[in-house]
**Student:** 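If you scroll down you'll find the structure; I have some questions about it.
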Amino acid sequence: VKDSPSEFQKENFIKNFGGSFGDQAIDVIKNNGHYFVLGNIIDADDSTKIFLAKTDEFGNIIWSENKTYSLDSKNSLAGQIIKLEKQDGFAIIGSIDIDSDTSFFDTYLLIIDENGDLLKDTVFSFLVTPNEKSNEFGKCIVELKNGNILIVSNLINDETLANIGMKYFIVNKNFEILKISSIPKFEAFSICQKTMDNGFFIVGQYDQNPGIEIVNYEGASVGFVKSTNILGFINSIAQDQNGNTYICGEKLNGKNGKSDGFIALMEDINENTNYTQLFEFGNSENDRLNQIKISKNNELIAIGSTQSLELGNDTYDILILKTDFAGNELGREIIGGNDNEEGIKILEVEENKFIIEATTSLGKNSRITLIKTEFTEE
């Protein structure tokens, strides 16, 4: 028994969470020195549950048991977790298969306390047409300045799995819907708060092309831009303090392999999705970047995955890239073994020290993994 963590564990650790079957990392946030690790876990009978673990600063679990969330043991899926500022607790957005007779998912909103105990929850359901019901997957969530909550949900056809569209709506503290907007043929991937002009970017895919919905703090649309010159996906977006907008994602016509991860500067985000490519990374197979952040050193940090036959393995590894604002590479780190690893989210906890959330595989099973690593620049 150790009285305190070793000096090594204070700087680096790898922790695994979840069950014994297929688990999926979704989101991670830091609050008061603790990490809240969100994911999905799959049981032996292929049922899914929203999963949450709270850890200390060294990745050790605080609660005596991991938390799972559902209604009447129905299948549930996680989308995002945020810390609420205008009311107590944390909000988790996701989806739930509440009606086992129809097997349709609906948007699922939960408010939990610091101990992971459920304070209140509700289910939102929308009809595409009076006679058509879709799967609705709660994807993104943000708290507005007045305490209302903006929720983003994707609508997917149950039979064809085709993208029907995206709805974003605002609810108050009593879960009453105040406003609903929708974009047909748009599938949302992530949401980002703007640093300039107040509001949010909702990034996604519009009718097989990348698109960005721009929303103000009242939840009203102030613009929608789509790209026809990016063959691939914009997965994440971030702004620096000067309002410069950076994106990362996956190019399907990569110059290095089947697909490459890329970082780019948007030229005029309010008018179009024209961009200046800053950096492209790829091995011989498939590479992508899932999230981009502005680091404490005012540099770009991105996380994703890489696949290379040249490394003697066709599985995916976690990829971390750092560049300056001009796209000059400052360093990269690849983490992985003989199975698949996918970098999902990244948090900078100290200068050049990061917390990574990833989905990691062990044979046919997968785990939710939290990694602390120190990034060494070139």
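These numbers come from a predicted model, not from an experiment.
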**Student:** Are any side-chain N or O atoms of K345 and backbone N or O atoms of I303, one a donor and one an acceptor, separated by less than 3.5 Å?
**Tutor:**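 A pair under 3.5 Å: no.
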
**Student:** For the residue pair F262 and Y275, does the interplanar ring angle fall in the parallel (under 30°), tilted (30 to 60°) or perpendicular (over 60°) class?
**Tutor:**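 The rings of F262 and Y275 sit tilted, inter-plane angle from 30° to 60°.
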
**Student:** In terms of relative ring orientation, are F186 and Y206 parallel, tilted or perpendicular, with 30° and 60° separating the classes?
**Tutor:**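 F186 vs Y206 ring planes: tilted.
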
**Student:** Please answer whether the main-chain N or O of S47 pairs with a side-chain N or O of D45 as donor and acceptor at a distance below 3.5 Å.
**Tutor:**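 Yes.
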
**Student:** Which residue pairs pass the ring-ring contact (aromatic ring centres under 6.0 Å, His included) test when at least one of the two sits in residues 14-62, sequence neighbours left out?
**Tutor:**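 Only F36-F90 qualify under ring-ring contact (aromatic ring centres under 6.0 Å, His included).
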
**Student:** May I ask you to check whether Y217 and F200 place their ring centers less than 6.0 Å from one another?
**Tutor:**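 Ring centroids of Y217 and F200 are less than 6.0 Å from each other.
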
**Student:** Look at the side chain of D324 and the backbone N and O of A326, then say whether any donor-acceptor pair between them is shorter than 3.5 Å.
**Tutor:**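 Answer holds: yes.
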
**Student:** Do K372's NZ or CZ and the ring of F354 fall within the cation-pi criteria of under 6.0 Å and 45°?
**Tutor:**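 Verdict for F354: no cation-pi partner in K372.
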
**Student:** Are a donor atom and an acceptor atom from the side chains of E342 and N290 found within less than 3.5 Å of each other?
**Tutor:**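 N290 and E342 do have a side-chain donor-acceptor pair below 3.5 Å.
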
**Student:** Test of understanding: with ring-ring contact (aromatic ring centres under 6.0 Å, His included), list the residues that count as partners of F189, not counting sequence neighbours.
**Tutor:**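 F189 satisfies ring-ring contact (aromatic ring centres under 6.0 Å, His included) with no other residue.
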
**Student:** Are any side-chain N or O atoms of T107 and backbone N or O atoms of S95, one a donor and one an acceptor, separated by less than 3.5 Å?
**Tutor:**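 No; zero donor-acceptor contacts below 3.5 Å.
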
**Student:** Is a donor on one side and an acceptor on the other found under 3.5 Å between the side chain of W63 and the backbone of N115?
**Tutor:**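 Between the backbone of N115 and the side chain of W63 there is a qualifying donor-acceptor contact (under 3.5 Å).
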
